[in-house]
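Following: one structure in structure tokens, then a few remarks.
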Amino acid sequence: QVQLVESGGGLVQPRGSLRLSCAASGVTFSRYSLGWFRQAPGKEREFVAGIRWTLTVRNTYYADSMKGRFTISKDNAKNTVYLQMNSLKPEDTAVYYCAAPMIEGTTPDYWGQGTQVTVSS
């Protein structure tokens with residue numbers, strides 16, 4: 001059974017940084033594509049970043065508003081995917097979810113419980 005467990009959320013001031021972690025189990029992590037989504041109060045869930053990782057393809061991709069500020073990475077030895085968030089803005093406040101698998105045109109089957117990120121002074 002696939003399990004995704006996020007951590008690292010919290011309260012941070014505008015222009016600050018935060019790193020989220022997502023520990024995965026129950027999958028062949030070294031060949032798994034994962035992603036991050038977020039949902040702010042009163043808004044729909046939106047895509048944040050994804051990391052595609054197969055035998056032949058390895059790349060990262062981001063929502064336009066996150067490019068240059070957020071970085072997704074993967075540590076196969078620790079079965080963990082990270083989301084480094086810099087230059088945070090109040091509008092980045094949301095619950096952040098880890099999800100898998102990331103397959104173009106489909107909704108991920110597995111989701112973590114989410115971790116709250118609040119950007120406020």
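Treat the numbers as computed from the prediction; the structure is a model and nothing was measured.
- Here the CE-CD1 distance, from Met102 to Ile51, works out to 11.0 Å after rounding to the nearest 0.5 Å.
- Note that CD of Glu104 is 11.5 Å distant from OG of Ser33, once rounded to the nearest 0.5 Å.
- Taking Phe37 as the reference, Phe47, Trp111 meet the ring-ring contact (aromatic ring centres under 6.0 Å, His included) condition, with sequence neighbours excluded.
- Shortest non-hydrogen contact noted between Pro14 and Ser121 is CD-N, 3.7 Å.
- Applying the side-chain hydrogen bond (donor to acceptor under 3.5 Å, both in side chains) test to Arg19 and every residue at least two apart in sequence or in another chain returns nothing.
- Pairs passing the side-chain hydrogen bond (donor to acceptor under 3.5 Å, both in side chains) check and including a residue from residues 35-46, sequence neighbours excluded, read Arg38-Glu46, Arg38-Asp92, Arg38-Tyr96.
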Intermediate values then yes/no, side-chain contact (heavy atoms from CB on, under 4.5 Å), Arg15 and Leu88
CA-CA 5 Å; Arg15 297 178 298 280; Leu88 284 163; over 6 Å; no
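- Annotation: Glu91, atom CD; neighbour count of heavy atoms from other residues, nucleotides and ligands within 6.0 Å is above 12.
- With sequence neighbours left out, Asn59 forms a side-chain hydrogen bond (donor to acceptor under 3.5 Å, both in side chains) with Arg52.
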When you look at Val81 and Ser73, which way does the side-chain contact (heavy atoms from CB on, under 4.5 Å) test go after all the steps?
CA-CA 6 Å; Val81 63; Ser73 62; over 6 Å; no
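- For Thr118, the side-chain hydrogen bond (donor to acceptor under 3.5 Å, both in side chains) test picks out Gln116, with sequence neighbours left out.
- Taken from OG in Ser17 to CD in Gln84, the straight-line distance is 5.5 Å, to the nearest 0.5 Å.
- No side-chain donor-acceptor contact under 3.5 Å links Ser87 to the backbone of Arg69.
- Partner of Leu4 under the side chain to side chain contact (heavy atoms under 4.5 Å, CB included) criterion, out of Ser25, Pro108, Cys22: Cys22 alone.
- For the atom pair Leu34 CG and Ile72 CD1, the distance stands at 7.0 Å (nearest 0.5 Å).
- In the hydrophobic cluster analysis, where Ile, Leu, Val, Met, Phe, Trp and Tyr join through side-chain heavy atoms closer than 4.5 angstrom, Leu83 is grouped apart from Val95.
- Clustering ILVMFWY residues whenever any of their side-chain heavy atoms sit less than 4.5 angstrom apart, transitively, puts Met66 in the very cluster that holds Val119.
- In this structure Lys67 satisfies the side-chain hydrogen bond (donor to acceptor under 3.5 Å, both in side chains) test together with Asp64, sequence neighbours excluded.
- Here the CG-CG distance, from Leu18 to Asn86, works out to 9.5 Å after rounding to the nearest 0.5 Å.
- No side-chain heavy atom of Tyr97 sits less than 4.5 Å from a side-chain heavy atom of Val48.
- Between the side chains of Thr80 and Asp75, no donor-acceptor pair is found at a separation under 3.5 Å.
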